[in-house]
Amino acid sequence: MPSLSSLLAVAAAIGFFSLILFVIFGQLTVRKLRKDPITKNELGMEYVSGWDIINIAQALTLPSSWSEKLSKSQISFLYANAALIKQHTNKLDKVVGMMFYISLMTSGLSMALLALLDTLGFFD
């Protein structure tokens, strides 16, 4: 069975990869969408600087049925308009956005799961 430190190292490596993709996606896609007057106000609420990058990547990654449910909810202002974002992005933007979002979620959730399992004594 792999040790906790080796599993955390893998999760941290995936997290580092997602940080590189964060910068690339922000420079390639999000900068273009921020300048476009049509999409400028449809990028979701920005809690902290750069959060709209995550909103846009989420809009490109989640299935259309989930995006439709989010757009009809009362908290839709928190999320990017997926239909509009998909219209104004090309194939490369979509692939980089999906890679970024999947690696971000994978690293974050795996680190949280490993911390929980360690707290429960799974690695003792």
Side-chain angles (χ1 to χ4, degrees):
M1 183 170 87
S3 67
L4 174 64
S5 58
S6 62
L7 292 173
L8 280 174
V10 170
I14 294 170
F16 183 73
F17 177 69
S18 73
L19 292 176
I20 293 169
L21 288 175
F22 178 82
V23 173
I24 293 169
F25 184 66
Q27 294 298 314
L28 284 179
T29 305
V30 179
R31 177 185 278 185
K32 175 178 60 175
L33 293 172
R34 286 179 184 152
K35 290 180 181 179
D36 188 351
I38 298 170
T39 59
K40 183 169 139 176
N41 296 319
E42 299 293 327
L43 304 179
M45 184 174 172
E46 191 172 11
Y47 303 112
V48 293
S49 180
W51 195 270
D52 55 345
I53 297 172
I54 298 171
N55 281 341
I56 294 167
Q58 181 184 36
L60 292 173
T61 305
L62 291 180
S64 298
S65 60
W66 291 12
S67 298
E68 288 175 22
K69 288 180 184 178
L70 286 174
S71 67
K72 294 176 183 176
S73 71
Q74 293 180 350
I75 57 170
S76 62
F77 66 93
L78 297 174
Y79 302 99
N81 185 338
L84 189 63
I85 298 298
K86 287 177 182 176
Q87 287 177 356
H88 288 86
T89 52
N90 59 34
K91 188 80 166 172
L92 177 66
D93 296 336
K94 292 174 185 170
V95 169
V96 173
M98 287 179 180
M99 286 174 46
F100 159 62
Y101 191 73
I102 290 170
S103 65
L104 179 72
M105 290 296 113
T106 301
S107 67
L109 292 174
S110 63
M111 285 186 195
L113 178 65
L114 288 171
L116 176 66
L117 290 175
D118 187 43
T119 302
L120 295 174
F122 186 78
F123 294 103
D124 290 335

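These numbers come from a predicted model, not from an experiment.
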How close do [X] and [Y] get, counting heavy atoms only, and between which atoms?
X	Y	result
Gly97	Ala57	O-CB, 3.6 Å
Ser64	Lys86	OG-NZ, 3.6 Å
Met111	Leu8	CG-CD2, 4.4 Å

Please determine whether residues [X] and [Y] belong to a single hydrophobic cluster, defined as Ile, Leu, Val, Met, Phe, Trp and Tyr linked transitively by side-chain heavy-atom distances below 4.5 Å.
X	Y	value
Ile38	Leu60	no
Ile24	Ile54	yes
Ile102	Leu92	no
Val10	Leu113	no
Leu19	Met99	no

Do [X] and [Y] have side-chain heavy atoms sitting under 4.5 Å apart?
X	Y	value
Phe100	Ile20	no
Phe22	Ile53	yes
Val96	Thr29	no
Ile56	Phe25	yes
Asp52	Arg34	yes
Leu43	Asn55	no
Asp93	Lys32	yes

Ignoring hydrogens and geometry, is there a side-chain-to-backbone donor-acceptor pair from [X] to [Y] under 3.5 Å?
X	Y	result
Ser107	Leu104	yes
Asp36	Leu33	no
Ser18	Ser103	no

* Asked: Pick one: which of Asp118, Leu117, Leu114 meets side chain to side chain contact (heavy atoms under 4.5 Å, CB included) with Leu7?
  ->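 Testing each of Asp118, Leu117, Leu114 against Leu7, the sole residue satisfying side chain to side chain contact (heavy atoms under 4.5 Å, CB included) is Leu114.
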* Check the surroundings of atom CZ in Phe123: do more than 12 heavy atoms from other residues, nucleotides or ligands lie under 6.0 Å from it? =>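 Buried by this count: over 12 neighbours within 6.0 Å.
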* Is the number of heavy atoms from other residues, nucleotides or ligands under 6.0 Å of Phe122 CZ greater than 12? ->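 Not buried by this count: 12 neighbours or fewer within 6.0 Å.
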Mind checking the [atom1]-[atom2] spacing from [X] to [Y]? Nearest 0.5 Å is all I need.
X	Y	atom1	atom2	value
Thr89	Lys94	OG1	NZ	4.5 Å
Leu21	Leu28	CG	CG	10.0 Å
Asp124	Leu4	CG	CG	9.5 Å

